[in-house]
Chemist: 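Before I ask anything, here is the structure I am working with.
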Amino acid sequence: MEIIVPILTPFNEKGEIDGEKVKTHVENLLRKGVDIIFVNGTTGVGPALSKDEKRKMLDYVLDVTNKVIFQVGSLNMKEVLELVNYANEKDLIAVASYPPFYFSIPKDFIVKYFKEICKASKHPVYLYNYPGATGKDVDVNLAKEIDCIKGVKDTNPDFAHTIRYKELGIKTYNGLENLAIASLSILDGTVVGAGNYMPELFSQLREYIKAGDMRKALDLQLKIDEIDGTTIPYGKISSMYYLVKELQGYDVGVPRPPMYPLEENKAKELVEKVRKIWNKSE
Ligand SMILES: O=C(O)C(=O)C[C@@H](O)[C@H](O)COP(=O)(O)O
């Protein structure tokens, strides 16, 4: 029943990563019951980070914890392998990658991509499957063909699709907030971007499930959904920077374009809407 948070990347006004803010954020998440930090994921704008920024994020998080999954995906294979080799010298749980996105490629190219990563990595290799963002579905059959995947984060509204990875006997997570109750109940855990700003709600959800109090768990899941849904029109990732400050009480810097900062009035409107839902009893 693990709670994994794909950590956001704190930037300063110049668009540089602020390492101290990373560490403060990780320390708080761990205090609030988060088990593992997923570095350079979608919420962390991994695809928009340079190789050096990806390495810096890993080092900042490792200054606090080794409960880390390090996302290394890139369309530049040389960069992927440099990041894998960098991780080989570190103590962490696993490296992960989304499949090569954007380009139309045959499935055997995806198999070759992951086999290259597995060959280079001293750590277990996890698949980050996110068909909605990458245009590629590395389903259980393709994962079987790759034959070296030791875990999967499936960001997929089709929960039946996610469950099937358990046929491989690997660590299996779903990456959607609105499936957290199912992921915590049936899979190895949940990966939740919203855990950046409301980690305590996911910890509480896990406690309700452990206690078998599914009515309370369902009510809390619906509250999580309402809050998460509120952020969509503002930009989910950009919204998180303002909600961490409001709900967790510390500054995690600003988003970096093309994840633009919110206009002041919009940020205020968002925070007021979320605070109203947050204060409602389940
Ligand atoms: O940020 C990551 O690496 C995650 O796993 C969360 C990811 O699944 C993402 O937040 C999915 O949510 P949306 O598709 O943006 O609603």
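Counting starts at 1 for both ligands and their atoms, in listed order. In what follows, every heavy atom counts, from backbone to side chain, and hydrogens, waters and symmetry copies are set aside. Small disclaimer: the values here were computed from a predicted structure and weren't measured.
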Chemist: Would Lys153 count as being in polar contact with ligand 1, using the rule that some N or O on each side must be under 3.5 angstrom apart?
Modeler: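 It does: an N or O of Lys153 is found under 3.5 Å from an N or O of ligand 1.
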Chemist: For residues Lys136 and Asn129, report the shortest heavy-atom separation together with the two atoms involved.
Modeler: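 Reported closest heavy-atom pair: O-OD1, 3.6 Å.
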Chemist: With heavy atoms only and a cut-off of under 4.0 Å, state how Lys236 meets ligand 1: side chain, backbone, both or neither.
Modeler: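 Side chain only; the backbone of Lys236 stays clear of ligand 1.
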Chemist: Any idea which of Tyr128, Tyr130, Phe38 brings a heavy atom closest to atom 14 (O) of ligand 1?
Modeler: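 When every heavy atom of Tyr128, Tyr130, Phe38 is considered, Tyr130 comes closest to atom 14 (O) of ligand 1.
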Chemist: Does Lys78 come within less than 4.0 Å of Glu82, counting only side-chain N to carboxylate O?
Modeler: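 A salt bridge links Lys78 with Glu82.
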Chemist: Side chain, backbone, both or neither: which part of Thr43 has a heavy atom under 4.0 Å from ligand 1?
Modeler: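 It is both parts that get close, each with some atom under 4.0 Å.
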Chemist: Taking distance alone, with N or O pairs closer than 3.5 Å, would you say Val191 contacts ligand 1?
Modeler: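 No: no nitrogen or oxygen of Val191 is under 3.5 Å from one in ligand 1.
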Chemist: To check your reading of the model: name the closest protein heavy atom to atom 6 (C) of ligand 1, its residue, and the distance in Å.
Modeler: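 Its nearest protein heavy-atom neighbour is Gly175 O, 3.7 Å.
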Chemist: Which of the numbered atoms in ligand 1 are below 4.0 angstrom from a heavy atom of Gly41?
Modeler: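 Near Gly41, meaning under 4.0 Å from one of its heavy atoms, ligand 1 has 3 (O).
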Chemist: Examine Phe70 together with Tyr86 and report whether their ring centres are nearer than 6.0 Å.
Modeler: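 That pair fails the under 6.0 Å test.
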Chemist: What closest approach, in Å, do Gln221 and Ile181 show between heavy atoms, and which atom pair accounts for it?
Modeler: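 The answer is OE1-N, 2.8 Å.
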Chemist: Can Lys236 and Asp228 be said to form a salt bridge (Lys or Arg N to Asp or Glu O under 4.0 Å), step by step?
Modeler: CA-CA 8 Å; Lys236 280 182 80 169; Asp228 181 52; 3.2 Å; yes
Chemist: Once you measure the plane-to-plane angle for Tyr128 and Tyr98, does it fall in the parallel (<30°), tilted (30-60°) or perpendicular (>60°) bin?
Modeler: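 Rings of Tyr128 and Tyr98: tilted, as their planes differ by 30° to 60°.
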